[in-house]
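Notes follow the structure.
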2 protein chains.
Amino acid sequence: MAADAHDSPPRRRDAQDNRERLVAAAREVFAESGFEVPLDAIARRAGVGRATLYRNFPDRYALGSAIFEHNLAALEALARAHARDPAAFTALLSAIIEQQIASHALVPALLSGPTAPDLHALRSRMIRLLAGPLRRAQAAGAIRPDLVSADVLAVIAMISAAVLHAPSVAARRRRAARALQLMLDGLVPRT
Amino acid sequence: MAADAHDSPPRRRDAQDNRERLVAAAREVFAESGFEVPLDAIARRAGVGRATLYRNFPDRYALGSAIFEHNLAALEALARAHARDPAAFTALLSAIIEQQIASHALVPALLSGPTAPDLHALRSRMIRLLAGPLRRAQAAGAIRPDLVSADVLAVIAMISAAVLHAPSVAARRRRAARALQLMLDGLVPRT
DNA sequence: GCACAAGTGGACAGTGGTGTCCATTTACGG
DNA sequence: CCGTAAATGGACACCACTGTCCACTTGTGC
């Protein structure tokens, strides 16, 4: 899972560059055209041949994992930064949505059934990452006590759905904010 | 829009039967395999050739519209039945979700951008259908007063997303109920 | 610089879905 | 019954995407 740099003979610099370019291109293209975009487009955007893409990532989900991995590291850092903050949970939720707006890869990766092998590990990390903040938010009375991990994944999927078909990034942000507001407050008026 | 039975020369009975079989098959297949299923599968299920399918419905969305039309009629009947009930809104919401569980065609049809021509009319009917019950629910204090039509479509999309990847119809129902509960009450505890 | 392996990308065949065409079948009116 | 036109469905050509192969190019250690 973290055996990158020490046991295999070091890769050529250009090869490593291409790999990074591919991940960056994938993030962009997924954001523009959704997760089901043809892989051709990603290779073209990265300025490499198809073969290079397939050599680095056997399929679409491997690419998704790479992006997901990257995002997850950022979220874990954020969680550590808010280690004692009862508002960490909602901050993480916002960050996750923002990532979804930027890449469109996270949620399909999160939800896809048993399609993906290592993807399951990433999903577990995501759940583990949220467990602490969720518990703290519940203890502080900020989040309903009956909310469980599966609910949180569902909530993420739900807000993503509200965002999906928006025409622009700005529109996506607006809709995400509204959806999060409705989700937190509920449709039934308070007091 | 409702010029079916009087101006064109009456169609042959078998042709009409086939058309109905196709719609029924489409509803089943969409429910089992999602809206993006190959049209072959629908023709096979209906026991007709591909050409017959294409003659009746130029594309996937025409099929979606036909199902949608049918569902919408049922919802309009339901709305009339609850014409004075302040709980009509939530009843309609539940019914819509239930339809989505049963067909998977409604929400993609509702959301798809400018892809579809007559589909826009159906979406408008849906919004109009919900407007009255929404206003009544708001007047009764059952639904937050700032909720607008666009929000309602978003809410429908959100709950559908929570349901999408469930392995069975029973699981879908369970998840739909939970999502609706979270949506109505909100994630933040009450009182 | 040079040799050599790592890496590349265009070309290629395979696959699955779409939409159309036409010889044959089937319902309907007389 | 029979003639006719509507209707059918399998065959066909088409297209987009996938995944692999191999002759060539490019970094890297000496």
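Just so we're on the same page: letters track the sequence lines, and every chain starts at 1. Every value quoted in this text rests on a predicted model; they were computed, and no experiment measured them.
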key: Opening and closing nucleotides of DNA chain D in contact with chain A, under 4.0 Å to non-hydrogen atoms   = dC17(D) to dT28(D)
inquiry  = Any base atoms under 4.0 Å from Arg50(B), or only sugar-phosphate, or nothing? Heavy atoms, all strands.
reply    = base
request  = Write down the distance between CG (Asp17(A)) and P (dA6(C)), rounded to a whole number of angstrom.
outcome  = 19 Å
task = Return the nearest nucleotide to the side chain of Arg12(A); candidates are dT26(C), dG19(C), dG7(C).
result = dG7(C)
ask   = Do Phe68(A) and Tyr61(A) have ring centres separated by under 6.0 Å?
value = no
ask   = Which is true for Asp40(A) with a 4.0 Å heavy-atom rule: it touches a base, it touches only sugar-phosphate, or it touches nothing?
value = base
CZ (Arg190(B)) with more than 12 external heavy atoms under 6.0 Å = yes
remark   = Out of dG17(C), dT8(C), dC21(C), minimum distance to the side chain of Thr52(A) belongs to dT8(C)
inquiry  = Students often get this wrong, so: under 4.0 angstrom with heavy atoms, is Arg55(B) touching a base, only sugar-phosphate, or nothing?
reply    = base
task = Round to the nearest Å and state the distance from Leu39(A) atom CG to dG10(C) atom C1'.
result = 17 Å
Atom-pair distance (CG on Asn18(B); P on dT26(C)), nearest Å = 12 Å
Rounded distance in Å - CG (Leu63(B)) to P (dG19(C)) = 12 Å
task = Can you figure out which of dC28(C), dG7(C), dA27(C) approaches the side chain of Arg13(B) most closely?
result = dC28(C)
Sugar-phosphate only, base, or nothing, as touched by Ala15(A) at under 4.0 Å among non-hydrogen atoms = sugar-phosphate
ask   = Base, sugar-phosphate, or nothing for Arg19(A), non-hydrogen atoms under 4.0 angstrom?
value = nothing
query = Hey, does Asp59(B) reach any base, or is it just sugar-phosphate, or nothing, if we go heavy atoms under 4.0 Å?
reply = nothing
task = Have a look at Arg60(B) and say if it touches a base, only the backbone sugar-phosphate, or nothing, with a 4.0 Å heavy-atom cut-off.
result = sugar-phosphate
